[in-house]
Protein chains: 2
Amino acid sequence: MQMDDRKWTILKAIIKTYLETGEPVGSRTISKYPDLNLSSATIRNEMSDLEEMGYILQPHTSAGRIPSDAGYRLYVDRMMEEKEQEVTEIRELMVQRQDRMELLLKQVVKFLAANTNYATMITGPRLHHTRLKFIQLSIVDDSQILAVIVTETNVVKNRMIRLEHGLDRETVLKLNLLLNTNLNGLTIEQINLSTISKLKEEAGIHSDIVSQVLDAVAEAINQEEDVEIYTSGATNFFKYPELSDTAKASELISTFEEKHPLASLMLPSEIGEDGENSNIQVYIGQETPLDTMKDCSVVTASYDMGGGMYGRVGIVGPKRMDYDKVIGILKNLTQQLDELYKK
Amino acid sequence: MQMDDRKWTILKAIIKTYLETGEPVGSRTISKYPDLNLSSATIRNEMSDLEEMGYILQPHTSAGRIPSDAGYRLYVDRMMEEKEQEVTEIRELMVQRQDRMELLLKQVVKFLAANTNYATMITGPRLHHTRLKFIQLSIVDDSQILAVIVTETNVVKNRMIRLEHGLDRETVLKLNLLLNTNLNGLTIEQINLSTISKLKEEAGIHSDIVSQVLDAVAEAINQEEDVEIYTSGATNFFKYPELSDTAKASELISTFEEKHPLASLMLPSEIGEDGENSNIQVYIGQETPLDTMKDCSVVTASYDMGGGMYGRVGIVGPKRMDYDKVIGILKNLTQQLDELYKK
DNA sequence: TGTTAGCACTCGTCACATTGGAGTGCTAAC
DNA sequence: GTTAGCACTCCAATGTGACGAGTGCTAACA
């Protein structure tokens, strides 16, 4: 069977009306569609074909049709080819308080959730390939030293280091100098065991305590592996009857509360084959890696703020999601994020 | 009408069975209760009295009785008098990673949620009355200075300060000395406008830039007003049919997602009149300050880790909550928290 | 050959009546 | 004061039938 132009128009019409209403759509409804000028009977024949081809299906014998996963997939794929998204302005949002990454990300997901009526999520930026700007050790008290680490992108991390014996001011000063002359400008990955052991040699004196401190610093630098995930709008699931029965809603919202499982939806994007659009990833129904979301669709996009700070942002909603709008918004948002730190 | 001993036993029996089943309880059920040896007819008479007194009510004419808010209230009040809670061990939980407050709190709410099957929340400790341990300014680049502030309780805060003109090393060193000699040992409240303006005078030179820096530091110190709230187990609401219809569940879970509204449930405890127990606060049904929770009960308890770090932890569940157990666990938990930092 | 009108058929939904049982209140007897 | 018995109430579960939306098929039409 061939997918001709008329079938495609009908399929689009079915999907669009289903997106709006959430209810199976019948042949008569489609026959009223302006672009088409066919009787319901003809539509029925075409629908029958489309069903055979696997793009739509019937919940029960005498109901209308709803799109299948394959139908959505076709729709989304053609959509992304056709569309080159116009850029609307979301920037005002960004301007407030750039200084604290966490707040920014929370604002972003909240904004997204409010504007799409779906559940949203974002991963904090990974710090790979980020260079160190400086490190500062300070004496807190007899048994504790505070390490403050600042990256090129102004992300600040603290680490309290407990020691059995205190260190005197001089040693700390020396260590600061040592750390800064040797590590500044290096990326996180470049600071590994061998770098550290070289430092240890160079330090020489007090080698036991010093190496304790250095180990702690190295650990703090590399610790960033557990990426934070921020979410918002989990209760939006209730807006879609097909997801809001107790069992499903409970599972979905739990997943959003736990946050960790979401990581599997937000893996670093696959290698972009065709440049531009490849950073948008769409999972439809069964395609999603999370079992809880087999009745949902997931759209994610990656952002890259430069300086090695990159992450993913995404939304989760019913399969009858307004893909068009969602993809548009995500593209736009990531573009804004990309430019944010380049200024 | 007098509340005699038999009425009290019957009321307790009604509440307990209702807590378990969630369904109106009839006279026959109660008549089987081991402590009582009465026929269902007698129970009915007593129930009729209890209803007149306002402690129980009938959802409809031919249904069993359920406890009213007043009934729960009486139950809880007597409960808290009677009970002196035995201390079970939750401590292992605490031992892992004390160093990061945030992780600890997240663990605590998760633990609570898992053990009670209710939704749980905790406020991060306020920093009032906490003394400063030290402040460290560092030059990040031409236009930025990083302020690191450490409190007596080892809570660390960073603040990036942007300036139009850079500062030279010497000035920063002087400022560090100035800040540390004047502010160390003071509590957060003691550092107010007048303290700062005194500092500004003392600094003298460069007064415009210096005052910018000082203002930023003061702001960072006092900024702690927006207390973080951590939550867990919001989806536990689904476990109770009376809360899991779409509208109610959606509202409740939204409230838990937003977090801010919960603050009104976690206000600093009222002045303890009778010492020991007064830190437990129970809201039943309409009593709670949040409208969304008028079908719930809320139990909160305060913890005080010493050094001015205190906060509240609480749980939210259906009115038929296992008050006995919950109060026990909360008492125990807060006791553990109280002792945690005293070691 | 493609399109359309018509018709019988399917099946879920809604309104309504029916029934069973749990629970009550009241009364009379112990 | 306690209890057994009985009539009564009302919810919840179940069944029934009408309705309507939607289909597939067939036959007629352009």
Side-chain angles (χ1 to χ4, degrees), chain A residues 1-11 13-18 20-68 71 241-242 245, chain B residues 1-11 13-15 17-18 20-68 71 241-242 244-245:
Chain A
M1 186 108 36
Q2 258 295 29
M3 171 63 112
D4 57 23
D5 226 40
R6 195 169 74 179
K7 282 194 175 52
W8 173 234
T9 320
I10 292 175
L11 181 57
I14 294 174
I15 296 186
K16 272 193 185 158
T17 31
Y18 183 67
E20 281 166 29
T21 64
E23 286 185 358
V25 355
S27 51
R28 234 180 87 76
T29 320
I30 298 300
S31 72
K32 287 181 203 139
Y33 206 74
D35 292 12
L36 256 14
N37 234 345
L38 298 170
S39 79
S40 62
T42 316
I43 305 283
R44 276 203 290 284
N45 291 331
E46 294 287 27
M47 278 171 139
S48 177
D49 291 353
L50 284 169
E51 184 165 8
E52 202 181 317
M53 293 159 80
Y55 293 126
I56 55 181
L57 41 84
Q58 261 183 310
H60 57 264
T61 323
S62 71
R65 307 301 215 287
I66 61 174
S68 70
E242 65 267 45
D245 77 278
Chain B
M1 185 106 41
Q2 256 296 28
M3 172 63 111
D4 57 24
D5 225 39
R6 196 169 75 179
K7 281 194 176 50
W8 174 234
T9 319
I10 292 176
L11 181 57
I14 294 175
I15 295 185
T17 32
Y18 182 67
E20 280 167 29
T21 64
E23 285 183 1
V25 352
S27 52
R28 235 181 85 78
T29 318
I30 297 302
S31 72
K32 288 179 201 138
Y33 205 77
D35 293 12
L36 255 15
N37 234 344
L38 296 171
S39 80
S40 63
T42 318
I43 305 283
R44 277 204 289 285
N45 292 331
E46 294 287 27
M47 277 171 142
S48 178
D49 291 353
L50 283 169
E51 184 165 8
E52 201 180 318
M53 293 160 82
Y55 293 126
I56 55 181
L57 40 85
Q58 261 183 312
H60 57 263
T61 324
S62 72
R65 307 304 216 285
I66 61 175
S68 69
E242 64 266 47
S244 65
D245 77 279

Base-paired stems in DNA chain C, each at least three Watson-Crick or G-U pairs under 3.5 Å: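 Consecutive-pair runs (3 or more) involving DNA chain C: C:1-30 with D:1-30.
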
Looking at B:Thr61, does any N or O in its side chain come under 4.0 Å of the phosphate oxygens OP1/OP2 on D:dT9?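 Result: no.
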
Rounded to whole Å, please give me the gap between [atom1] in [X] and [atom2] in [N].
X       : N      : atom1 : atom2 : result
B:Lys32 : D:dT3  : NZ    : C1'   : 17 Å
A:Arg44 : D:dG22 : CZ    : P     : 11 Å
A:Ile30 : D:dA21 : CD1   : P     : 16 Å
A:Ile43 : D:dA21 : CD1   : P     : 18 Å

I'd like to know whether B:Met47 forms a side-chain contact (heavy atoms from CB on, under 4.5 Å) with B:Ile14, so could you lay out the CA-CA distance, the side-chain angles of the two residues, the decisive distance to 0.1 Å, and finally the verdict. CA-CA 9 Å; B:Met47 277 171 142; B:Ile14 294 175; 3.9 Å; yes

With side chains defined as the heavy atoms from C-beta onward, is the minimum distance between [X] and [Y] less than 4.5 Å?
X       : Y      : answer
B:Leu38 : B:Arg6 : yes
B:Leu50 : B:Met3 : yes
A:Leu11 : A:Trp8 : yes

Pick base, sugar-phosphate or nothing for A:Ser27, based on heavy-atom distances below 4.0 Å to the nucleic acid.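 Sugar-phosphate, no base atom in range.
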
Nearest heavy atom decides the nucleotide; on that basis, is B:Asn45 or B:Ala63 closer to the 5' end of DNA chain C?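 Between the two, 5'-proximity favours B:Ala63.
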
Can you give me the closest heavy-atom contact between [X] and [Y], atom names plus distance?
X       : Y       : value
B:Ser40 : B:Ser27 : O-CB, 3.6 Å
A:Asp5  : A:Thr9  : O-OG1, 2.8 Å
A:Ala13 : A:Thr17 : O-OG1, 2.6 Å
B:Leu36 : B:Ile43 : CD2-CD1, 4.4 Å

Need to verify one output field. Residue with the more 5' nearest nucleotide on DNA chain D, A:Ser48 or B:Asn37?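 Taking each residue's closest nucleotide, the earlier one in sequence belongs to B:Asn37.
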
Find which nucleotide of DNA chain D each of B:Arg6 and A:Ser62 is nearest to by heavy atoms, and output the residue with the more 5' nucleotide.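 This one resolves to B:Arg6.
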
What residues form a side chain to side chain donor-acceptor pair (under 3.5 Å) with A:Ser62, not counting sequence neighbours?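 Per chain and number, A:Ser62 pairs via side chain to side chain donor-acceptor pair (under 3.5 Å) with no residue.
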
Outermost nucleotides of DNA chain C that come under 4.0 Å of a non-hydrogen atom of chain A: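 Range of nucleotides touched by chain A: C:dT3 to C:dG12.
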
